[in-house]
Amino acid sequence: MPTTYRSHTIGQIIAGGEDMVGEEVTIAGFAESVRGRGGICFVTLRDGTGKIQAFLKRGSLDDESFETVQNSSRESTMMFRGSVARKRPPKTPEGAPPPPKEYEVTVSAAELLATAQTPLPVGVVDDVNVGLDTRLDNRHLDVRRSHVNAMFILRSKVLQYGREHLIEEGFNEMNSPKIIASASEGGTNLFPMMYFDTPAFLSQSPQLYKQLAVLGGLERVFEIGPAFRAEKHDTYRHLNEFVSFDIEAAWCDDEDVMGVLERMIHSIWKSVSEKDGHLIETINHYRTTQGLEPVKVEIPEVPFPRISYDEAIDIVKSGGGQIEWGDDIESHHCDLIAEKYPGFHFIPRWPMSMKPFYIHHKEGELGTTGQQLSRGFDLNYGRDEMTSGGQREHRVEVLEQNLLNMDLDPKDFTFYTDGFRYGAPPHAGWGLGVARLLMVLTGAGNVREVVLFPRDRSRVTP
RNA sequence: GCCCCGAUGGUGUAGUGGCCUAUCAUGCAGCCCUGUCGAGGCUGCGACCCGGGUUCAAAUCCCGGUCGGGGCGCCA
């Protein structure tokens, strides 16, 4: 749609190609480079849809505008009016194939919208590495870099495809409160805050609220929202504020919602590979310049392998890992499992003793050492955990016993347990780390790459 | 919370006690040239995190601080 500042996007002009030649257009964007100091001047103009060269000739527009543009700095924003023309082909080395036809805008009027200060704290097209920290301090400029831009567009697509898939499977989007009165799960540390005169916390998970929604008859719900954890971790895969993709569904067990999850991931990968190849290409172009392997979007086969906790312990042991039944499967253990299962794989049936109080168990389902198993599961990709989920405990007396077993006071959870006193459907769900999924898709080595303004142990700005 | 590592122009780097008036690239400023296109040519600008110590001599070694990175634990 045309706006006050442009009649066409640059992408439209490029897509129009030959048909656009001679057409009068107004475009606006960032000046990626300004070349030529004599009677002519070339500006590579970039907007959110593409880049095109603007050609300015002294005499074809008023002198003042010409000089303003010619003397302006990279990344300044400007607006040009002119006509679309075929671009003269660049010189190519002998024997090289002729370059594809390109188009430019022959400028008849120009306006500088806002000047960029020099020097830029991080170059948008410069051929130098930039440290992650410098990039994050200047994220507003970093995002102008094409591969970074592509990652965030891809992030939006992933959320869109996931959302579309869940809606198709009958889920309704919900929102849970992020300001809560008490620990929703116990376990991790919460950020304390004051809610007027009442002490409160930032929510670590929508878990209990999703369940209350399902108990309330919403049947199938999902939420895409932030979670906050006051853990002092400092790794490539942890942040203190992160967005999770959460679902909860009535009349389901763990296996049912594992199905939802693998179908959703399959659907996201399929859509990305069908529709967003150009974004992956942009990312790969950059990766190549950095000497990194290009990423491939290989649509994972459904169903994903299921490696039960019992089996996982055996794999780790036979791979030489130090582990006993009942121990958590740590990252270095996951490396051993990932040797056999490098892609997505579920690890179902964890020991009940290791799972939160709200996870369901079936009496008589015992592990190799005779201890009670749960209906909790993880989804891993290689060594990294993407999701944890499970069937939930819907029997209120069992729920209260679980709380006691884990040294929590049922009185603190009446807002939750009361929801189970008036008939509760068996239900199950999971929470998926959006950034972790994107790391897999984009080959990013750090979650901070795929989160616009990450919050970690030492970063609260920008 | 534990372990390891690092800090040099705007950005990314070279540098292992004297060869450092500190390298290279990119950037920035100026000039020249040019339908350029990774434009080109010339000239210039710009840095050793902070504080203390060792030494004839410290970007370099030691101590403390600050900031940052990586790994682990825990988790998504």
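Proteins come first, then strands; the chains are lettered A, B, ... in the order of their sequence lines, and each starts at number 1. These values consider heavy atoms only, across backbone and side chains, with no hydrogens, waters or symmetry-generated copies.
Closest to the side chain of A/Asp126, from the set B/G27, B/C75, B/C72, is B/G27. For A/Thr118, the side-chain atoms get nearest to B/A29 when compared with the rest of B/A29, B/U36, B/C74. Picking from B/A76, B/G68, B/C74 the nucleotide with the shortest atom distance to the side chain of A/Asp328 gives B/C74. In this structure, the nucleotide among B/G10, B/G73, B/G70 sitting nearest to the side chain of A/Pro121 is B/G10. Comparing atom distances between the A/Thr134 side chain and each of B/U36, B/G12, B/C75 picks out B/G12 as nearest. Here the side chain of A/Pro119 is nearest to one of B/G73, B/G27, B/A39, namely B/G27. Residue A/Thr235 has its side chain nearest to B/G73 when only B/G73, B/A76, B/G70 are considered. Out of B/G35, B/A76, B/C28, the shortest distance to the side chain of A/Arg74 is found at B/C28.
Figure legend. B/C45 is base-paired to B/G27; pairs are counted as Watson-Crick or G-U wobble with both atom distances under 3.5 Å. The nucleotide B/A76 finds no pairing partner, because no Watson-Crick or G-U wobble arrangement with both distances shorter than 3.5 Å includes it. Across all strands shown, B/A14 has no partner, as no Watson-Crick or G-U wobble contact with both distances under 3.5 Å is found. Across every strand in view, B/C2 sits in a pair with B/G71 that passes the Watson-Crick or G-U test at under 3.5 angstrom. Across all strands shown, B/C50 is found opposite B/G64 as a Watson-Crick or G-U wobble partner, with both distances under 3.5 Å.
As judged by a 4.0 angstrom heavy-atom cut-off over every strand, A/Asp384 is placed among residues making no nucleic acid contact. Note on A/Phe245: nothing from the nucleic acid sits closer than 4.0 angstrom, heavy atoms only. Nucleic acid contact for A/Arg58: none, since no nucleic acid atom lies under 4.0 Å from a heavy atom of the residue. Residue contacts shown for A/Glu102 are absent, as no nucleic acid heavy atom lies under 4.0 Å away. Counting any heavy atom pair closer than 4.0 Å across all strands shown, A/Val130 reaches sugar-phosphate atoms only and no base atom. No engagement by A/Pro226 is indicated, since no non-hydrogen atom pair under 4.0 Å with the nucleic acid exists. Among the protein residues, A/Asn380 comes within range of no part of the nucleic acid, since none of its heavy atoms lies under 4.0 Å from any strand. Counting non-hydrogen atoms under 4.0 angstrom, A/Ser244 reaches nothing in the nucleic acid. Here A/Gly123 lies out of heavy-atom contact (under 4.0 Å) with every strand. Residue contacts shown for A/Leu132 are absent, as no nucleic acid heavy atom lies under 4.0 Å away. When heavy atoms are screened at a 4.0 angstrom cut-off, A/Lys87 is found touching base atoms of the nucleic acid.
With contacts defined as side-chain heavy-atom distances shorter than 4.5 Å, the pair A/Asp310/A/Arg349 does not qualify. Counting only heavy atoms from C-beta outward, the side chains of A/Phe80 and A/Leu56 approach each other to under 4.5 Å.
Rounded to the nearest Å, the gap between the P atom of B/G17 and that of B/G6 is 16 Å. For the C1' atoms, the distance linking B/A57 with B/G18 amounts to 7 Å, nearest Å. Nucleotides B/U21 and B/U16 are separated by 15 Å at their P atoms, to the nearest Å. Separating the P atom of B/A14 from that of B/G52 is a span of 28 Å, rounded to the nearest Å. A gap of 34 Å separates the C1' atoms of B/G1 and B/U60, to the nearest Å. On the P atoms, B/G40 is 42 Å away from B/C67, given to the nearest whole Å. Remark: the separation of the C1' atoms in B/C19 and B/G10 is 30 Å, to the nearest Å. Nucleotides B/G9 and B/A47 have their P atoms positioned 9 Å apart, rounded to a whole Å.
A/Asp246 and A/Ser244 share a donor-acceptor pair across their side chains, judged by distance under 3.5 Å alone. For the residue pair A/Tyr358/A/Gln211, the side-chain donor-acceptor check at 3.5 Å is not satisfied. Side chains of A/Asp378 and A/Tyr309: a donor-acceptor N/O pair is absent below 3.5 angstrom, by distance only.
Contact between the side-chain N/O atoms of A/Arg448 and the OP1/OP2 oxygens of B/G68 is not found at any separation under 4.0 Å. OP1 or OP2 of B/U26 has not a single side-chain nitrogen or oxygen of A/Asn129 nearer than 4.0 Å. Phosphate contact (OP1/OP2 of B/G1, side-chain N/O of A/Arg457, threshold under 4.0 Å): absent. Checking the phosphate oxygens (OP1, OP2) of B/G73, a side-chain nitrogen or oxygen of A/His332 falls inside 4.0 Å.
Between A/Phe242 and A/Ser33, the residue anchored closer to the 5' end of RNA chain B is A/Ser33, taking for each the nucleotide with the nearest heavy atom. Projected onto RNA chain B by closest heavy-atom contact, A/Met354 and A/Asn446 fall at different nucleotides, the more 5' of which corresponds to A/Asn446.
Counting only distance, with no hydrogens or angles, the side chain of A/Glu248 and the backbone of A/Val221 share no donor-acceptor pair below 3.5 Å.
Below the 3.5 angstrom threshold, one finds a donor paired with an acceptor across the side chain of A/Glu104 and the base of B/G35.
A ring pair (Phe, Tyr, Trp, His ring centres under 6.0 Å) with A/Phe346 holds for exactly one of A/Trp430, A/Phe377, A/Tyr381, A/Tyr341; it is A/Phe377.
Residue A/Lys317 qualifies as enclosed at atom NZ: its count of foreign heavy atoms under 6.0 Å is above 12.
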